[in-house]
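The first residue in the sequence is number 1, and the count goes up from there. Source: prediction; values computed, not measured.
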Amino acid sequence: MTGKLNGSCFYNLSYFYVDCAVNTWRSSCGTMPERLTEMLMDTWTPLIILWITLLPSIYMAPMNQSQILPSGSSTELKRLTEEQRVLNRSKRGWVWNQMFVLEEFSGPEPILVGRLHTDLDPGSSKIKYILSGDGAGTIFVINDKTGDIHAMKRLDREEKAEYTLTAQAVDRDTNKPLEPPSEFIIKVQDINDNAPEFVDGPYHATVPEMSVVGTFVTKVTATDADDPVYGNSAKLVYSILEGQPYFSIEPHTAIIKTALPNMDREAKEEYFVVIQAKDMGGHMGGLSGTTTVTITLTDVNDNPPKFAQSLYHFSVMEDVALGEPIGRVKANDLDIGENAKSSYDIIEGDGMDIFEITTDVQTQDGIIRVRKPLDFETKKSYTLKVEAANVHIDPRFISGGPFKDTATVKIVVEDADEPPVFSSPTYLLEVHENAAINSVIGQVTAHDPDVSSSPIRFSIDRHTDLERQFNINAEDGKITLATPLDRETNMWHNITIVATETRNHSQVSRVPVAIKVLDVNDNAPEFASEHEAFLCENGKPGQVIQIVSAIDKDDPKNGHYFLYSLLPEMVNNPNFTIKKNEDNTLSILAKHSGFSRQKQEVYLLPIIISDSGNPPMSSTSTLTIRVCGCSSDGIVQSCNAEAYVLPIGLSMGALIAILACIILLLVIVVLFVTLRRHKNEPLIIKDDEDVRENIIRYDDEGGGEEDTEAFDIATLQNPDGINGFLPRKDIKPDLQFMPRQGLAPVPNGVDVDEFINVRLHEADNDPTAPPYDSIQIYGYEGRGSVAGSLSSLESSASDSDQNFDYLSEWGPRFKRLGELYSVGESDKET
């Protein structure tokens with residue numbers, strides 16, 4: 001295909017004309033200000049583009065005629081084609097690749113985008129143009145005869161910037177393609193139809209107060225949906241509409257800065273700034289968008305604390321508790337947060353050691369507290385100088401002055417009715433344990449500190465002296481002994497003395513008194529424990545048998561010193577002697593050897609123990625010495641005389657254990673045999689000819705009629721043959737008890753009523769009986785009873801002999817019952 005797209009060439013020439021016109025305008029107006037030149041360009045450019053768009057419809061026919069090949073024979077056409085193939089390089093028939101159309105263009109007729117034309121078209125309407133691709137047939141429509149392409153809808157570049165289509169020329173009659181299809185692009189040209197937008201707005205920013213001019217605050221950003229490459233539709237310029245003269249903004253970077261120095265948060269904390277973004281480089285006719293920026297000044301420590309008043313007055317009772325707050329002072333600070341925190345101190349005054357001041361972290365108040373007790377009678381007023389200073393100081397503002405303030409505080413102490421005051425906070429008294437009853441062991445004193453000086457009465461808190469061992473004189477506070485004391489029982493006594501004002505019993509004071517009981521020598525020494533010495537038969541003379549020690553409940557100042565001796569009548573003891581050791585103990589020694597257990601197994605040695613007290617105390621303790629058999633190295637093996645008769649290798653303990661095991665086994669065997677015999681032997685031999693009914697009680701299912709072990713009625717059958725205790729077989733008792741004493745045999749003429757009462761009494765007192773109601777069944781009816789036997793066994797009377805007529809006399813219900821039984825008997829006979 002050697003044809004070309006005239007519309008495309010036309011558009012290229014048009015753009016050339018536009019460029020030339022613009023350049024000519026600029027060259028002729030070079031002396032004008034540049035801003036005015038840009039404004040005129042922005043005004044004339046849309047008009048020139050519109051003119052270019054309308055030109056193809058006016059000049060397309062003459063140009064096409066100049067581009068159409070003249071008609072002639074096919075031989076001439078073939079010759080020309082061969083010359084081009086020889087003289088020219090091979091190329092495509094389409095010399096274009098894109099078209100342009102303005103967005104948002106609207107008019108009464110569809111806008112002509114361009115025209116397709118091929119050199120093969122002789123103008124006989126045999127060629128058909130086909131368009132396919134993006135929007136073909138809907139947005140873009142082609143005239144299949146002329147090849148004109150029209151836009152049928154308004155186009156929006158922000159929705160779709162370009163469309164890719166495919167053009168092809170085919171034979172109208174056969175629809176056969178004359179040339180291969182070729183692809184081209186229709187680009188939508190941008191116009192300024194979108195205003196800038198602040199996507200992230202509104203904005204919030206902070207900047208410290210007292211900042212210098214040009215301090216960075218924040219940065220805003222606006223976006224424009226127009227084409228940033230074509231023209232100035234997306235070129236934005238920023239400006240401030242509201243917020244001057246406090247802040248400024250960079251026109252191109254949109255950085256907001258402070259424009260006024262020393263802005264004070266305490267004067268105004270928040271500023272409302274309106275920012276505008278305008279496209280077209282900010283020129284007239286551009287679109288704009290706005291956003292708001294809320295700028296808050298953050299606090300810095302640029303204000304010192306200031307007391308609300310220079311003099312504070314407080315009054316306090318003299319009996320106020322230590323640490324109790326008596327007043328508050330407040331230094332106000334215009335700053336906030338950490339910058340407003342202050343610390344308080346007492347820097348001068350006559351009560352610096354009496355009072356203290358602390359800071360309330362919640363309210364930033366200074367709390368004055370009592371540090372030491374107050375006394376109205378000693379000092380009635382105090383004057384303090386209090387200072388409040390900022391905790392966090394900003395070095396940038398240190399030159400502005402000291403960030404502190406002072407105030408004077410006057411405190412007046414008021415008189416209060418105080419309780420009595422003891423002369424000492426505690427008392428320590430001493431008394432000997434042998435002190436006489438009612439003897440004075442000490443004294444406490446107290447006075448009323450008030451000016452009125454009320455008399456004082458003393459007493460003992462009996463909760464601390466439950467045994468009432470002490471008394472006190474209510475007038476002078478002298479403490480006396482009420483009961484004897486024993487140091488060995490209780491060495492310390494702690495009591496509480498109470499002092500009460502006689503004029504006001506609510507004013508009470510207490511003081512602890514510790515009473516130490518001093519020791520006297522009133523206890524004799526004795527052995528520290530019950531000693532038992534062991535002497536080997538093969539021991540040697542002079543061998544130490546035992547070392548004993550003594551104790552004394554008394555506590556002498558110089559420590560214990562004991563004297564040991566034998567009884568006067570045993571000084572010349574032939575067997576043993578004693579020796580005093582340096583550590584206040586006593587050694588028992590054997591005088592000879594050859595001790596024998598068979599001759600004497602145990603020796604008793606009385607020893608006298610004396611202390612060194614005044615007067616000295618003594619006691620006699622007896623030491624038991626047992627003769628034992630020992631090994632060659634002196635280890636005790638046996639201390640009993642029976643050990644001689646024991647078999648070699650077995651001790652008495654082992655023999656006793658063996659004997660106990662044998663006895664236990666014999667007892668178990670005898671018990672097992674007895675139980676088996678008791679279980680197998682019947683208590684009473686039943687008479688096989690006894691045909692009376694055997695009533696059996698079952699606790700569970702099974703067994704049937706052959707189970708006759710559930711209940712033994714032998715006693716009721718023959719009461720004369722049983723004298724002892726008969727265990728019940730219908731239950732298994734949990735505990736075993738001794739059998740009850742059997743009853744004496746009863747004569748044949750025994751009264752049945754008495755027999756039943758006796759059996760009932762036994763059943764009621766039987767501990768093995770179940771704790772629930774049980775039916776006692778008695779089959780014995782007595783001898784010679786006129787009623788005869790109640791048993792149906794061996795009864796000669798039949799059911800047919802019974803007459804139920806008497807039931808009619810008992811009432812209508814029983815009459816009906818009698819009729820039923822009579823009918824039943826009649827049916828049986830029939």
Side-chain angles (χ1 to χ4, degrees), residues 486 488-489 521-556 559-613 616-661:
D486 186 7
E488 288 72 33
T489 302
N521 193 26
D522 57 348
N523 291 279
E526 57 186 1
F527 279 151
S529 60
E530 293 293 334
H531 292 285
E532 184 178 13
F534 298 95
L535 175 62
C536 292
E537 291 179 315
N538 56 357
K540 298 179 181 180
Q543 181 180 356
V544 176
I545 302 173
Q546 184 73 30
I547 297 178
V548 297
S549 60
I551 58 172
D552 193 336
K553 295 181 180 179
D554 295 324
D555 187 17
H560 293 288
Y561 182 80
F562 301 116
L563 298 176
Y564 302 92
S565 62
L566 297 175
L567 291 178
E569 60 272 15
M570 299 188 67
V571 172
N572 297 322
N573 190 304
N575 298 316
F576 307 100
T577 184
I578 60 176
K579 178 183 177 182
K580 177 70 166 54
N581 300 323
E582 294 181 357
D583 59 354
N584 222 16
T585 59
L586 180 67
S587 297
I588 312 299
L589 293 82
K591 283 187 175 183
H592 61 85
S593 59
F595 290 92
S596 175
R597 283 178 288 176
Q598 292 181 338
K599 181 178 180 181
Q600 186 173 352
E601 182 181 0
V602 177
Y603 294 88
L604 300 178
L605 183 64
I607 301 175
I608 301 175
I609 309 173
S610 303
D611 59 19
S612 57
M617 302 290 291
S618 63
S619 66
T620 301
S621 299
T622 301
L623 177 65
T624 301
I625 301 174
R626 188 178 299 276
V627 180
C628 302
C630 302
S631 62
S632 58
D633 52 358
I635 298 176
V636 177
Q637 291 184 340
S638 176
C639 297
N640 296 325
E642 292 82 354
Y644 284 100
V645 299
L646 296 178
I648 298 176
L650 291 178
S651 63
M652 179 63 70
L655 291 176
I656 293 176
I658 294 173
L659 183 60
C661 292

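The distance from the CD1 atom of Ile551 to the CD atom of Glu526 is 5.0 Å, given to the nearest 0.5 Å. Note that CD1 of Ile625 and CD1 of Ile545 are 5.0 Å apart. Values are rounded to the nearest 0.5 Å. Rounding to the nearest 0.5 Å gives a distance of 9.0 Å between CD1 of Ile578 and CD1 of Ile608. Rounded to the nearest 0.5 Å, atoms CD1 (Ile656) and SG (Cys661) are 12.0 Å apart. From Phe527, atom CZ reaches atom OG of Ser621 across 5.0 Å, with rounding to the nearest 0.5 Å. Expressed to the nearest 0.5 Å, how far CD of Gln598 lies from CD of Glu537 amounts to 8.0 Å.
Legend: residues meeting side-chain contact (heavy atoms from CB on, under 4.5 Å) with Leu563, ordered by chain and number and at least two apart, are Tyr561, Ser610. Contacts of Glu532 classified as salt bridge (Lys or Arg N to Asp or Glu O under 4.0 Å), with partners at least two apart in sequence or in another chain: Arg626. Evaluation of the side chain to side chain donor-acceptor pair (under 3.5 Å) rule for Glu488 yields Asn523 as partners, not counting sequence neighbours. In this structure Ile547 satisfies the side-chain contact (heavy atoms from CB on, under 4.5 Å) test together with Val544, Asn581, Thr585, Ser587, sequence neighbours excluded. When the side chain to side chain donor-acceptor pair (under 3.5 Å) test is applied to Asp611, the partners found at least two apart in sequence or on another chain are Asn521. In terms of the side chain to side chain donor-acceptor pair (under 3.5 Å) criterion, Ser529 has no residue partners (sequence neighbours excluded). Take Ile635 and apply the side-chain contact (heavy atoms from CB on, under 4.5 Å) test, not counting sequence neighbours, and it matches Ser631, Asp633.
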Side-chain donor-acceptor distances from residues 564-576 under 3.5 Å, at least two apart:
{"unit_1": "Tyr564", "atom_1": "OH", "unit_2": "Asn584", "atom_2": "O", "d": "2.9"}
{"unit_1": "Asn573", "atom_1": "OD1", "unit_2": "Asn575", "atom_2": "N", "d": "2.8"}
{"unit_1": "Asn573", "atom_1": "OD1", "unit_2": "Phe576", "atom_2": "N", "d": "3.1"}
{"unit_1": "Asn575", "atom_1": "OD1", "unit_2": "His592", "atom_2": "NE2", "d": "2.8"}

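The shortest non-hydrogen separation linking Ala524 to Ser618 is CB-O, 3.4 Å. Heavy atoms only, all atoms of each residue included: Val627 and Ser596 are closest at CG1-C, 4.1 Å. Closest of all the heavy-atom pairs between Arg597 and Gly629 is CZ-N, 3.6 Å. For the residue pair Pro525 and Met617, the shortest heavy atom distance occurs at CD-O, 3.3 Å.
Of the possible polar contacts, none joining the Ser593 side chain to the Pro541 backbone as a donor-acceptor pair under 3.5 Å is found.
When the SG-SG distance for Cys536 and Cys630 is compared with the 2.5 Å cut-off, it comes out below that value.
Residue Lys591 qualifies as enclosed at atom NZ: its count of foreign heavy atoms under 6.0 Å is above 12.
Contact annotation: the side chain of Phe562 approaches that of Asp552 to within less than 4.5 Å [non-hydrogen atoms, C-beta and beyond].
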